[in-house]
Amino acid sequence: MINLYHVPFTRAFRVIWVCEELAIPYRLTPVDFSPEYRASAEWRKLNPVGKVPVMTDGDLTMFESGAMVQYVLDRYGNGRLQPEAGTPEHAIYLQWSWFAEATFSRPIGETVNHRRAFAEPIQAVLDEMIARARLALAAVDQALAGRPYLLGGEFSAADIMTGYTVMLAERAIKTGLPERAADYWQRLQARAAFKATKAAEQAMGKD
Ligand SMILES: N[C@@H](CCC(=O)N[C@@H](CS)C(=O)NCC(=O)O)C(=O)O
């Protein structure tokens, strides 16, 4: 069974969400998110740079949330939530999935790291990162013109990858989401699988 080492509000959210969309069973294992534990040899064996999440499935152990989502789709998805590999539609699906983490999440995550690393954060550096996040958000907003989801009429895992980052952006960018991105975010939150993901996070550690 898929096992996710997870801390609420962090990136395994994407993997839980894809499992919920596909109705695949999974287990959540809480992780001590302290810098000390994440620097420990025990955790570095699972994630060599000391981040979360980590996923296991039988003998397989993985880090990188986007790669986990893709693995779950390819192994258990039966063609759901992504276009057929090798098609132009799949290329655009990959584009948004990678964009979500490599370009959009990156400056947002770095604002968190910067604040944690420096007792006196440099405002100009934070402003530059937020400006890059706003530009990425504007690209998402533009892509949603006349369509409910990034690939058009159908929800895909690219919306899971991007939806998580929109959630981060909403918190980081104090000026609110642009109109189409705001509607998109409402649409994503209304999904039963999104609600089940939130509920699974909330239930963590309570059993
Ligand atoms: N690209 C990685 C990013 C992982 C990441 O930055 N995780 C955050 C939590 S969501 C973390 O562990 N932050 C602590 C740190 O960077 O020291 C992924 O998608 O899995």
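For the numbers below, each heavy atom of this structure counts, side chains included, while hydrogens, waters and symmetry mates do not. As the structure lists them, so they are numbered: ligands from 1, and atoms in each ligand from 1. Values in this document were obtained by computation on a predicted structure and should not be read as measured data.
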Do ligand 1 and [X] have nitrogen or oxygen atoms that lie under 3.5 Å from each other?
{"X": "Tyr164", "value": "no"}
{"X": "Val52", "value": "yes"}
{"X": "Glu101", "value": "yes"}

Exercise: do Ser105 and Thr165 side chains pair donor with acceptor under 3.5 Å: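 Yes, Thr165 and Ser105 have a side-chain donor paired with an acceptor closer than 3.5 Å.
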
Gln82 side chain to Gln70 side chain, donor-acceptor N/O pair below 3.5 angstrom: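 Indeed, the side chains of Gln82 and Gln70 share at least one donor-acceptor pair under 3.5 Å.
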
Contact check, Pro53 vs ligand 1, heavy-atom distance below 4.0 Å: yes

Phe33 near ligand 1 by a heavy-atom separation under 4.0 Å: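 Yes; Phe33 lies near enough to ligand 1 that a heavy-atom distance drops under 4.0 Å.
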
Arg38: numbered ligand 1 atoms lying under 4.0 Å from its heavy atoms: 14 (C), 15 (C), 17 (O)

Contact atoms of ligand 1, heavy-atom distance to Thr10 under 4.0 Å: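 Reading through ligand 1 atom by atom, the close ones are 9 (C), 10 (S).
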
Quick test: of every protein heavy atom, which one is nearest to [atom], and how far off is it to 0.1 Å?
{"atom": "atom 20 (O) of ligand 1", "value": "Ser65 N, 2.9 Å"}
{"atom": "atom 10 (S) of ligand 1", "value": "Arg11 NH1, 3.0 Å"}
{"atom": "atom 16 (O) of ligand 1", "value": "Lys51 NZ, 2.5 Å"}

Carboxylate-amine/guanidinium proximity below 4.0 Å for [X] and [Y]:
{"X": "Arg11", "Y": "Glu64", "result": "no"}
{"X": "Glu128", "Y": "Arg132", "result": "yes"}
{"X": "Arg191", "Y": "Glu20", "result": "no"}

Proximity of Asn113 to ligand 1 by residue part, where a heavy atom lies under 4.0 Å: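 The part of Asn113 near ligand 1 is the side chain, not the backbone.
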
Centroid-centroid under 6.0 Å between Phe33 and Trp43 rings: no

Nearest candidate to atom 18 (C) of ligand 1, where distance is taken over non-hydrogen atoms, out of Glu110, Arg116, Glu64: Glu64

Tyr184, Trp17, Trp96 screened by side-chain hydrogen bond (donor to acceptor under 3.5 Å, both in side chains) with Asp159, the one that passes: Tyr184

Geometric class of the Tyr71/Tyr76 ring pair [parallel <30°, tilted 30-60°, perpendicular >60°]: perpendicular

